[in-house]
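Comments concern the structure below.
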Amino acid sequence: MNILIIGAGPAGVSVAEALRAYGSRDAITVLSAEPYPPYSPPAMVDHFLTGSDVHLWRGYDWPERLGLTYYSGTPAEAVDPNAHTVRLASGQLLAYDRLVIAAGARLYAPVEGSEREGVYNFKSLSAAEALVARARAGQAHSALIVGAGFIGVEIALLLRALGLDVTQIEMLDRVMPRMLDPETAAIVAGVMRKRGIDLRLNTAARRFIGNGRAEGVELETGEALRADILVAATGVKPNIEFLRGSGIETRWGIIVDENLRTSAPDAYAAGDIVEAHDRLTGERYVHAIFPNAVAQGQVVALNLLGWGVRYEGAENMNSLKHLDLPVMAVGAQSGAETLRLQRGAVLRQIFLDNGRVVGFRLVGDTRQAGMLRGLMLRRADVRPLRQALLDPRFGVGTLVM
Ligand SMILES: Cc1cc2nc3c(=O)[nH]c(=O)nc-3n(C[C@H](O)[C@H](O)[C@H](O)COP(=O)(O)OP(=O)(O)OC[C@H]3O[C@@H](n4cnc5c(N)ncnc54)[C@H](O)[C@@H]3O)c2cc1C
């Protein structure tokens, strides 16, 4: 069988690796739009801060080790599911028996002009390289980031560490509003401001402004903010444009069934490009985090091998790095009952519905995340454990005793 994978991010990589791990000898071809070996986006900031190649998580010899054909710098431009072909920018057609679409997503903001030249992205390595190169070449002294979600905050921290004057605006009243409650968000905002980031909350962007190239942002108040580097980062937008005309069903992302099959025959999808159901709530949306991309890639691989595996659903899980303060938010961020413990810099909030953990937020000490996640996914009745859950020593030992 001839398997073609579009995208060499965590999703595409895990499809290929799981295929080989389960003994597939099929011909595998992987296309990457970018001129690099596979890389891990969460490690890009560390790469830029330290200069190390931590982001090249699979090494340069990945294609040889897996015995696959790797086309880097080769974006797919169109898919024809009837002919079972993918067209490359060169016009070349690649035939497939099975297709996996894992082309990821890019940063985005629903603000007029956010896709104009001068608005930088930081979702792919090529986009991030372009942004950082400008800062390092001394061509940029200031940055303005629209949106303070977890990726926006990481970008702000990096650009500040590179010596830029950084302004970050957020429409809502706190940073990472989907992930943090006001109390935790205030702690994070305090760290950011201490590092010199000009964080403006309750501040909405109306449009990007400038002659030709974007040079600043006009706020809803009419005030104009200008900066050398502009980033639009309120969310992510799946890279589905090249599927136009293919008949593959999309909404915000690609629509998939419970086996992660698209609406086209012999075509699967995985990762940030997919609208998947939430494991706990059943809600469908793009769950753009690394572990979901990897898990979906593995499910796709098993289904390519004919196992008929059902995808259990995506998880909502975020952690914030580079703050010198571990912060982790998993599952729902509210519940009928909240268990709460604060001790110094450690804050633990556990959300319960009907005696079951539906989510939790840990600040300062995230060591018990695995245990809490396990209880949450098993929908265990934790009523008898209420007090133990808040005990910093809570763990397997506590459960056994
Ligand atoms: C700065 C940053 C920090 C992050 N931190 C975390 C974190 O701490 N924890 C976490 O869980 N997640 C984090 N994420 C999110 C995580 O990186 C993504 O969820 C994950 O990379 C998704 O994997 P993917 O393979 O679906 O997509 P991507 O990683 O986006 O990879 C898709 C690949 O497809 C390629 N491609 C696109 N279009 C085409 C085309 N037409 N033809 C061929 N190739 C194409 C792209 O070049 C890209 O390399 C972070 C993301 C960023 C940007």
Side-chain angles (χ1 to χ4, degrees), residues 4-16 29-49 55-58 70-79 86-89 94 99-108 120-129 131-132 145 149-159 176 179 231 233 235-244 246 253-254 260 269-274 276 286-297 300 314-323 326-330:
L4 178 57
I5 302 172
I6 301 177
V13 162
S14 69
V15 174
T29 302
V30 180
L31 300 182
S32 170
E34 298 176 82
Y36 313 107
Y39 63 87
S40 163
M44 290 192 304
V45 168
D46 279 327
H47 160 64
F48 290 119
L49 286 174
H55 60 314
L56 303 181
W57 63 316
R58 289 317 197 231
Y70 185 56
Y71 289 102
S72 63
T74 310
E77 283 212 334
V79 175
V86 168
R87 195 183 73 231
L88 307 181
L94 294 183
L99 178 68
V100 182
I101 307 169
R106 58 185 181 278
L107 287 183
Y108 153 89
Y120 284 79
N121 219 302
F122 198 87
K123 182 68 172 57
S124 64
L125 182 54
S126 39
E129 293 267 18
L131 183 158
V132 171
I145 296 152
F150 87 98
I151 294 182
V153 168
E154 287 228 344
I155 300 168
L157 291 167
L158 169 68
L159 294 179
M176 291 178 280
M179 174 178 167
V231 181
V236 299
K237 188 171 190 171
N239 293 322
I240 53 175
E241 289 74 11
F242 74 102
L243 298 174
R244 212 172 283 139
S246 68
I254 297 177
L260 301 181
D272 283 6
I273 198 167
V274 158
V286 174
H287 293 65
I289 58 165
F290 193 99
N292 289 335
V294 169
Q296 290 170 14
V300 166
E315 287 182 59
N316 183 18
M317 191 158 52
N318 281 306
S319 60
L320 193 65
K321 311 173 289 284
H322 310 293
L323 268 184
V327 178
M328 186 171 231
V330 177

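We use all heavy atoms of the structure for the numbers below, so side chains are in, but hydrogens, waters and symmetry mates are not. Atoms within each ligand, like the ligands themselves, are counted from 1 in listed order. Residues: numbered from 1 along the sequence shown.
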Looking at side-chain heavy atoms only, is the closest gap between [X] and [Y] below 4.5 Å?
X    : Y    : value
V13  : V30  : no
T29  : Y70  : no
L4   : V100 : no
P10  : P291 : no
L125 : M44  : yes
H322 : L158 : no
I101 : I240 : no
E129 : F48  : yes

Counting only nitrogen or oxygen atoms and a 3.5 angstrom limit, does [X] reach ligand 1?
X    : answer
N239 : no
P10  : yes
A11  : yes
S32  : no
F290 : yes
I273 : no
I289 : yes
A288 : yes
A76  : yes

Please list the nearest protein heavy atom to [atom] with its residue and the distance rounded to 0.1 Å.
atom                    : result
atom 44 (N) of ligand 1 : A33 N, 3.1 Å
atom 30 (O) of ligand 1 : K123 NZ, 3.3 Å
atom 52 (C) of ligand 1 : I151 CD1, 3.7 Å
atom 27 (O) of ligand 1 : G104 CA, 3.3 Å
atom 47 (O) of ligand 1 : E34 OE2, 2.6 Å
atom 18 (C) of ligand 1 : D272 OD2, 3.3 Å

Inset, instruction - Please verify whether a non-hydrogen atom of V45 lies at under 4.0 Å from ligand 1. - result: no
Inset, instruction - For Y36 and ligand 1, answer yes if some heavy atom of the residue is under 4.0 Å from a ligand atom, otherwise no. - result: no
Relative to [atom], which among [options] owns the nearest non-hydrogen atom?
atom                    : options              : value
atom 2 (C) of ligand 1  : A8, P41, G9, A102    : P41
atom 50 (C) of ligand 1 : P42, P238, S72, G297 : P42
atom 32 (C) of ligand 1 : G7, G152, A103       : A103
atom 7 (C) of ligand 1  : M328, E241, K321     : K321

Legend entry - Residues K321, D46: salt bridge by 4.0 Å N-O rule: no
Inset, instruction - Carefully, step by step, assess L31 and L94 under the rule side chain to side chain contact (heavy atoms under 4.5 Å, CB included). - result: CA-CA 10 Å; L31 300 182; L94 294 183; 3.8 Å; yes
Legend entry - Nearest heavy atoms of I145 and A233, plus distance in Å: CG2-CB, 4.5 Å
Legend entry - E77 versus L88, closest heavy-atom pair with distance: CG-C, 4.1 Å
Legend entry - Ligand-side contact atoms (ligand 1) for residue partner P291, heavy atom cut-off under 4.0 Å: 11 (O)
Legend entry - Numbering as shown, the atoms of ligand 1 that approach L31 to under 4.0 Å (heavy-atom distance): 43 (C), 44 (N)
Legend entry - With sequence neighbours excluded, residues passing side chain to side chain donor-acceptor pair (under 3.5 Å) with R106: N239, E241
Inset, instruction - May I ask you to identify, for A105, whether its side chain, its backbone, both or neither come under 4.0 Å of ligand 1 on a heavy-atom basis? - result: backbone
Legend entry - ligand 1 contact on F122 by region, counting heavy-atom pairs under 4.0 Å: both
Inset, instruction - If a pair satisfies side-chain hydrogen bond (donor to acceptor under 3.5 Å, both in side chains) and one of its residues is in residues 32-45, list it, with sequence neighbours excluded. - result: E34-Y39, E34-S126
